[in-house]
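Written out below as C-alpha cells is the structure these notes cover.
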Amino acid sequence: MALLALLAVWYVAKDNLREAHLDDTIYYFASDAPVYLNAYEVLYADATLAERPELFLVGSPILFMKLAGGNLSIVLFCQLLLMAISLRVGCNCFRMQRGRNAFMLGAFVFPYFLFGFVSLNKEVFAMCSAIFFSSYMIRGKWAHAVIALVLAMCARYYMLAALLSLFFFVPRTREPRLGWVVATLLAISIMAPIAKNLIPQYSSEGLLDAPGFAGILFSQVIDSFGYIVIYPIKYLALIPLRAYSYVIDPTRLANAMEGWVSIMTFAVLIPSLLLLRHKRKVDPIVRRLIIAALVAPVLLMWSEIMHWRYYSFVYFFLLFALVLHYRDHPAKQRVPADGLSHA
C-alpha cells in the first residue's frame, strides 16, 4: 500500500517535479537536485556519451538523465522502481510480518529513502545499496552483494570502497576482524597527511560543507597523524551537525530534512551501541551488522567532507540489526553454516 501511495504521488506530481528542480523548492527534499539538472542541461544535454565520457564519473543522476533523453519523469520512475525492489529484498530478510512492518516503517521515516523518487539524487542509490548489502550479510546471496556494489558506484565511488572494505573487516560467517580495522586506521593515520598534500582535490572535491571550527579541528588532528584517535569522535560529531544547522538557520530549505536524518540516525545508533554491550545475548548476524555500520566509513572519514549524508547509508545496517533483534528473532533464521544461501 505504501508503494502504491508513492506511485500515486509520482504520477500526480511528475509534471511539477521538473519545475521544482528549476525554482529550487526541491531543496526541501534533496540537497543537490537543481545542480544536477542544471549541469545536465548546460553541459551535457547536446553532447553524446562518446564526446563526454566523463559522464560516467561526474555523477549518476546526470548520466541517467542523458540515458533517458532528458526525461526527468522516466528517471524518477526508475528510482521509485529501485526503491520498490530494494524494499522487497529487505523484507525478505525477515521471517515474521512484524519484522517486515518494522523494517518498512524504519525505511519510510528516513528522508534519504522516502524522498528518493522525487528528485535527481545519489542518496537513493546509497540507501538501496545498503539494503542489498545488508541482505547479503543476512542471507548470504552473492547476487545481492554484487548489486550492492553496482548501486554504490551509482552513489559515490568512495561508498564502493566502504562496502569492499566490509568484506575484509566484517566477513559474514566469521568474527569481525577488529584488528584489521585498527591496522587500517593506523595506516591511514600515517598516509592521510601525505595523500592530502599530494592529492588535495580528494579532500575537498567541492564537497566541504562549511566545516567551521569542528572541521578545522578534525583536519588538523588528521594532518598531525591522529586519524585513529579522531575517527570515533568525528563519526559521532557529524551526526548531530545537521540538526544543529536547522536550529541556527531554519530558513535553509534542506536543513529540516537533514536535521530529521540526524535524529533518526541517533534513534538507531544508540540502542545498537547498547546491544553491543551484551555480546552473548545478541545474534552474531546482528552484531556484525552493527559493527559494519561503525567501521564502514573508516576509509572515508579522513577526508574533509563534513556532511553526514555521505556516510548516512550506515542507517540501514543499524535498522536491520535492530529489527532482527527486537522484532524477528534472527537466531531462528535458516542461514547455512557455510555462509552460502541455498534458497
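Start at 1 with the first residue, then count along the sequence.
- At distances below 3.5 Å, not a single donor-acceptor pair connects side-chain atoms of Tyr310 with backbone N or O atoms of Leu300.
- Under the 4.5 Å side-chain heavy-atom criterion for grouping Ile, Leu, Val, Met, Phe, Trp and Tyr, Val146 is not connected to Leu160 through any hydrophobic cluster.
- Considering CG of Asn38 and NE2 of His21, their distance stands at 11.5 Å, rounded to 0.5 Å.
- Although no hydrogens or angles enter the test, the distance criterion places a donor-acceptor pair under 3.5 Å between the side chain of Asn121 and the main chain of Val124.
- Ser312 and Glu123 form no side-chain donor-acceptor contact under 3.5 Å, judged by distance and modelled atom types alone.
- Cluster annotation: Leu17 and Phe77 are assigned to the same hydrophobic cluster (Ile/Leu/Val/Met/Phe/Trp/Tyr, side-chain heavy-atom contacts under 4.5 Å, transitive).
- When the side-chain contact (heavy atoms from CB on, under 4.5 Å) test is applied to Arg174, the partners found at least two apart in sequence or on another chain are Pro171, Arg177.
- A 4.5 Å side-chain heavy-atom check between Trp180 and Val295 finds every atom pair outside the cut-off.
- At most 12 heavy atoms of other shown residues, nucleotides or ligands fall within 6.0 angstrom of atom CG in Asp46.
- Using a 4.5 Å heavy-atom threshold, the side chains of Phe316 and Phe110 count as touching.
- With a 4.5 Å cut-off on side-chain heavy atoms, Leu269 and Ile239 count as touching.
- In this structure, Leu81 is a member of the same hydrophobic cluster as Leu72, with clusters built from ILVMFWY side-chain heavy atoms closer than 4.5 Å.
- The pair Glu41-Lys66 does not meet the salt-bridge criterion, since no charged nitrogen lies less than 4.0 angstrom from a carboxylate oxygen.
- Between Phe313 and Phe113, the distance from one ring center to the other does not fall under 6.0 angstrom.
- Within a 6.0 Å sphere centred on CZ of Phe168, other residues, nucleotides and ligands contribute 12 heavy atoms or fewer.
- Residues Leu276 and Val182 are members of one and the same hydrophobic cluster, defined by side-chain heavy-atom contacts under 4.5 angstrom among Ile, Leu, Val, Met, Phe, Trp and Tyr.
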Where do Arg287 and Glu175 land on the salt bridge (charged side-chain N to carboxylate O under 4.0 Å, His left out) test, with the steps shown first?
CA-CA 9 Å; Arg287 182 168 178 267; Glu175 282 294 302; 2.9 Å; yes
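- Between Val314 and Pro297 there is a side-chain heavy-atom pair separated by less than 4.5 Å.
- Residues Leu67 and Ile74 fail the side-chain proximity criterion, which asks for heavy atoms closer than 4.5 Å.
- Cluster membership check: Phe225 does not share its hydrophobic cluster with Ile188, using side-chain heavy-atom separations under 4.5 Å among Ile, Leu, Val, Met, Phe, Trp and Tyr.
- Side-chain contact check for Phe317 versus Leu166: some heavy-atom pair is nearer than 4.5 Å.
- Taking Tyr136 as the reference, Phe133, Trp142, Phe167 meet the ring-ring contact (aromatic ring centres under 6.0 Å, His included) condition, with sequence neighbours excluded.
- Side-chain atoms of Asp32 never come within 3.5 Å of backbone atoms of Val35 as a donor-acceptor pair (strictly under, hydrogens ignored).
- Between Trp308 and Tyr311, the ring planes are tilted. Angles from 30° to 60° get that label.
- Taking the six-membered ring wherever Trp is involved, the centroid distance between the rings of Trp260 and Tyr112 does not fall below 6.0 Å.
- For the pair Leu324/Phe94, a side-chain contact is recorded, criterion being any heavy-atom separation below 4.5 Å from C-beta on.
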